[in-house]
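What you see is a predicted model, and the numbers here were worked out from it, not measured in a lab.
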Amino acid sequence: MEGRRLRGGFTTTDSPPLHKSEPLRRTAFNRLFAAVYFSAILALLYRHVQNLFLLSTTSLLSFSTTLSLFISDLVLAFMWASLQALRMSPIRRKEFPQDLKQIIKDEDFVGLDVFICTADPYKEPPMNVVNTALSLMAYDYPTDKISIYVSDDGGSDLTLFAFMEAAEFARHWLPFCREHNVMERSPQVYFESNYHSSSPHFEKIKIMYEDMKMKVEHVMDEGKIADEYISDEQRRQVFNKWIKGFTRMNHPTVIQVILDKKHDKDNSGRLMPNLIYVSREKNNTSPHHFKAGALNVLLRVSAVMTNAPIILTQDCDMYSNDPQTLLRILCYLSDPAIKSNLAFIQFPQRFHGLNKQDIYACEYKHHFQVNPMGFDGLKGPSYIGSGCFFHRRALFGGPSTPVPPEIPELSPDHVVSKPIQSQEILSLAHHVAGCNYANQTNWGSKSGFRYGSLVEDYNTSYRLHCEGWKSLFCNPKRAAFLGDVPITLFDVLSQNKRWCIGLFEVAFSKYNPLIFGSQYMGVLMSLAYSHYAFWPIWCIPVIFYSFLPQLALLNQFSIFPKLSEPWFFLYVFLFLGAYGQDFVEFFLAGGTVRRWWNCQRMWMIRGLSCYLFGSVEYLLKSIGISTHGFSLTSKALDDEHSKRYGRGIFEFRVPSPLFVPLTMAAIINLFSFLLGLTAFMRGNNMEGLGLQMILIGFIVLNCLPVYGAIALRNDAGKIPTQITIISTFVSVAFYYASSLCF
């Protein structure tokens with residue numbers, strides 16, 4: 001399907017197409033395979049029901065074991081069925097930005113407000129945030145159309161200082177990028193790359209960057225801004241706002257216009273984009289709603305100051321990797337056939353700095369690249385927190401049911417006619433950034449980014465789709481954005497645990513995707529959203545299959561069909577079919593065999609750790625028992641961590657309870673496998689335990705990094721001794737308890 005074109009506001013047929021979409025060639029196979037696989041699942045469930053209720057010789061032990069497997073397989077069946085919604089009609093899109101300027105003049109390009117959120121200068125180093133902002137300021141786009149808003153939820157003067165220094169450097173960096181047609185417009189990435197040629201101009205701009213970096217890092221090391229860095233009285237007045245009693249969780253609103261596109265010019269004489277620092281008011285008695293609250297403050301402040309129709313939300317460590325990304329966006333925004341109900345355009349999150357094997361599966365290839373194509377064939381992908389271009393209007397009610405804001409200055413149709421540094425504009429901006437401003441309003445419920453979940457991205461897009469909006473997935477060959485990844489297993493699992501809690505907050509709310517979603521989005525879209533909403537329940541089958549067959553084998557008890565029985569082939573087909581289709585999708589999306597292996601290994605590890613602990617933490621929170629609050633994933637890098645990560649070595653180090661079930665599973669599976677192997681070598685009849693041995697051997701292979709971290713490593717990244725001791729004692733207790741049952 002080709003996109004329609006506009007010229008002078010009218011659709012034309014003689015202009016080149018700006019975009020097209022096409023179904024994936026594997027769609028027919030997906031549908032056929034789904035029918036066959038579904039039949040196999042029904043046969044498996046029938047076998048469980050038969051064993052549970054139709055066989056009169058069933059003992060209590062056999063009944064309990066079969067019931068556990070039945071529950072596990074029901075969960076697996078539900079997760080598989082919900083995933084099929086994304087395999088029914090996936091599509092791929094392509095844009096033609098090279099033809100855009102034949103249709104639209106530069107002065108007709110839409111305005112863009114960019115939202116960058118940061119919250120802790122020590123976990124999210126200001127230089128990383130600065131590089132992200134500079135890469136976005138340097139888009140191949142009219143600079144007078146761009147405004148960058150930086151939300152500092154940490155309320156740190158160190159972050160503000162870093163951006164003041166970055167603004168001065170930007171006066172040289174932006175014209176340098178235009179003059180040399182630089183593609184990597186994050187200075188740090190550009191200077192570390194090998195795609196540039198050395199020249200006096202290059203050396204000069206690099207020295208300027210290093211000087212800026214040295215100043216910022218020195219201030220970070222000192223924890224304060226020395227007088228030598230406060231160059232004039234204006235700067236002094238700005239930093240005087242950080243008075244005694246100004247803390248991260250208790251401080252007034254700070255809004256600082258660092259660059260004003262009406263006045264500030266780069267060294268080539270061109271006007272620069274707006275650059276505005278925002279730290280919203282906080283106090284200990286008012287809820288701040290985490291990132292959703294910060295984004296809504298930026299939504300209101302930007303409405304008062306610039307009110308661009310398009311908004312880009314960007315993670316602080318996710319820099320622009322393609323200066324022409326905005327032109328791709330215009331290829332869709334210029335199509336009247338899709339513009340009227342288009343809420344947002346989502347780019348995949350892609351990453352630099354992944355080690356060769358991606359040992360922690362942080363690429364999330366299915367989540368960020370494969371599944372969004374399936375969503376795109378329905379009503380569009382979900383919002384994934386970064387790299388997303390919103391229509392401002394979409395955040396104020398449905399396409400045909402707008403929700404007007406409480407004051408006209410916040411309306412998406414409001415035209416800002418006063419300078420952003422005028423007293424009237426700044427006063428109103430401070431007012432709407434107040435911590436109590438949104439009380440008793442529609443913010444977070446019917447307007448803006450939605451509250452009620454730690455995963456505000458998933459929650460917001462889900463609610464927008466329920467309101468009748470659609471979205472698009474744009475995945476060009478060159479990554480539009482590249483970001484950092486966690487390099488320790490603890491950080492990866494902590495991040496996933498936070499997601500699990502947030503997903504359950506949506507799944508068990510009145511907006512449950514299966515019930516509420518199916519009424520407003522249709523069955524397939526509600527199933528697709530349900531697949532993610534119930535993500536944490538993966539822990540149920542993973543835990544059962546990681547412990548039950550193993551403890552049964554240790555007690556010479558068979559729970560699967562014999563190798564000679566027809567049911568054996570059903571189990572083999574279900575296993576190979578699921579893993580095989582998963583591998584094909586991963587490989588066709590550009591993955592490798594080794595990365596796929598690590599991806600399925602991390603699925604097992606997450607099921608034994610963050611999915612389990614996230615589910616328990618949500619349950620405790622639901623019954624009123626206090627749990628740990630929101631925590632950031634650290635973006636700061638440690639040299640030893642980085643070296644081990646680069647060599648593909650798992651980093652445990654932290655004595656966290658998250659590692660106990662994983663270590664237990666590794667121990668129990670190893671000993672049960674060795675016992676079974678010993679019995680087989682002695683000539684014992686193992687036919688009834690064959691499937692258990694195959695499953696256990698597969699898990700043992702997945703646990704090889706755990707065994708190395710327990711017994712073969714002496715570095716600081718090994719599993720802490722206390723975790724090994726605790727896991728061993730609990731494993732022994734499990735064995736003795738099972739010996740009393742089997």
Side-chain angles (χ1 to χ4, degrees), residues 120 122-124 355 359-362 454 485-501 536 538-539 542-543 546-547 550 598 601-621 625-671 699-700 702-735:
D120 187 327
Y122 292 100
K123 288 188 175 181
E124 298 170 334
N355 64 15
I359 56 173
Y360 302 135
C362 287
L454 289 176
V485 293
I487 62 171
T488 72
L489 184 59
F490 178 73
D491 281 343
V492 172
L493 298 181
S494 296
Q495 183 184 60
N496 275 260
K497 187 184 75 168
R498 186 170 70 244
W499 293 346
C500 289
I501 296 170
W538 280 120
C539 70
V542 171
I543 290 171
S546 295
F547 290 101
Q550 295 75 6
N598 287 329
R601 169 191 283 149
M602 280 303 301
W603 171 76
M604 186 196 79
I605 290 175
R606 290 195 295 265
L608 289 166
S609 53
C610 55
Y611 292 167
L612 171 62
F613 280 83
S615 301
V616 172
E617 191 166 324
Y618 171 77
L619 177 62
L620 294 175
K621 181 180 176 182
I625 298 177
S626 177
T627 59
H628 294 293
F630 176 85
S631 61
L632 291 171
T633 302
S634 176
K635 310 299 193 305
L637 300 180
D638 176 274
D639 286 342
E640 290 301 316
H641 292 172
S642 299
K643 289 178 182 177
R644 283 192 287 272
Y645 178 73
R647 299 202 306 269
I649 299 174
F650 271 63
E651 183 77 32
F652 292 92
R653 177 179 286 202
V654 180
S656 169
L658 281 169
F659 297 141
V660 173
L662 171 62
T663 309
M664 286 175 56
I667 293 171
I668 290 175
N669 275 271
L670 179 62
F671 279 95
I699 295 176
V700 167
N702 274 299
C703 288
L704 289 179
V706 181
Y707 301 132
I710 292 174
L712 303 178
R713 289 168 52 187
N714 294 315
D715 57 78
K718 69 177 184 178
I719 292 178
T721 304
Q722 58 265 51
I723 296 297
T724 303
I725 293 173
I726 293 170
S727 302
T728 302
F729 273 107
V730 179
S731 298
V732 172
F734 266 44
Y735 168 70

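- Here S546 pairs with V542, L608, A665, I699 under the side-chain contact (heavy atoms from CB on, under 4.5 Å) rule; sequence neighbours left out.
- Scored by the side-chain hydrogen bond (donor to acceptor under 3.5 Å, both in side chains) test, N702 finds Q600 as partners (sequence neighbours excluded).
- Here T488 pairs with D491 under the side-chain hydrogen bond (donor to acceptor under 3.5 Å, both in side chains) rule; sequence neighbours left out.
- When the salt bridge (charged side-chain N to carboxylate O under 4.0 Å, His left out) test is applied to R713, the partners found at least two apart in sequence or on another chain are D715.
- Looking at residues two or more places apart in sequence or on another chain, you find a side-chain contact (heavy atoms from CB on, under 4.5 Å) between V654 and F490, S656.
- The minimum heavy-atom distance between M604 and C703, with the atom names listed, is CE-SG, 3.8 Å.
- Few gaps surround OH on Y707; more than 12 heavy atoms of other groups in view lie less than 6.0 Å from it.
- Residues satisfying the side-chain hydrogen bond (donor to acceptor under 3.5 Å, both in side chains) test with Y645, not counting sequence neighbours, are none.
- Shown here are the ring-ring contact (aromatic ring centres under 6.0 Å, His included) partners of F671, two or more places apart in sequence or in another chain: there are none.
- With T663 as the partner, the side-chain contact (heavy atoms from CB on, under 4.5 Å) test is satisfied by one option alone out of I725, I668, I719: I719.
- Partners of L612 according to the side-chain contact (heavy atoms from CB on, under 4.5 Å) rule, which considers only residues two or more places apart in sequence or in another chain, are C539, I543, V616, P661.
- Here CG of L493 is found 10.0 Å from OH of Y611. Values are rounded to the nearest 0.5 Å.
- A733 pairs by the side-chain contact (heavy atoms from CB on, under 4.5 Å) definition with nothing, not counting sequence neighbours.
- Nearest heavy atoms, S731 versus S727: OG-O, 2.7 Å.
- Partners of F613 according to the ring-ring contact (aromatic ring centres under 6.0 Å, His included) rule, which considers only residues two or more places apart in sequence or in another chain, do not exist here.
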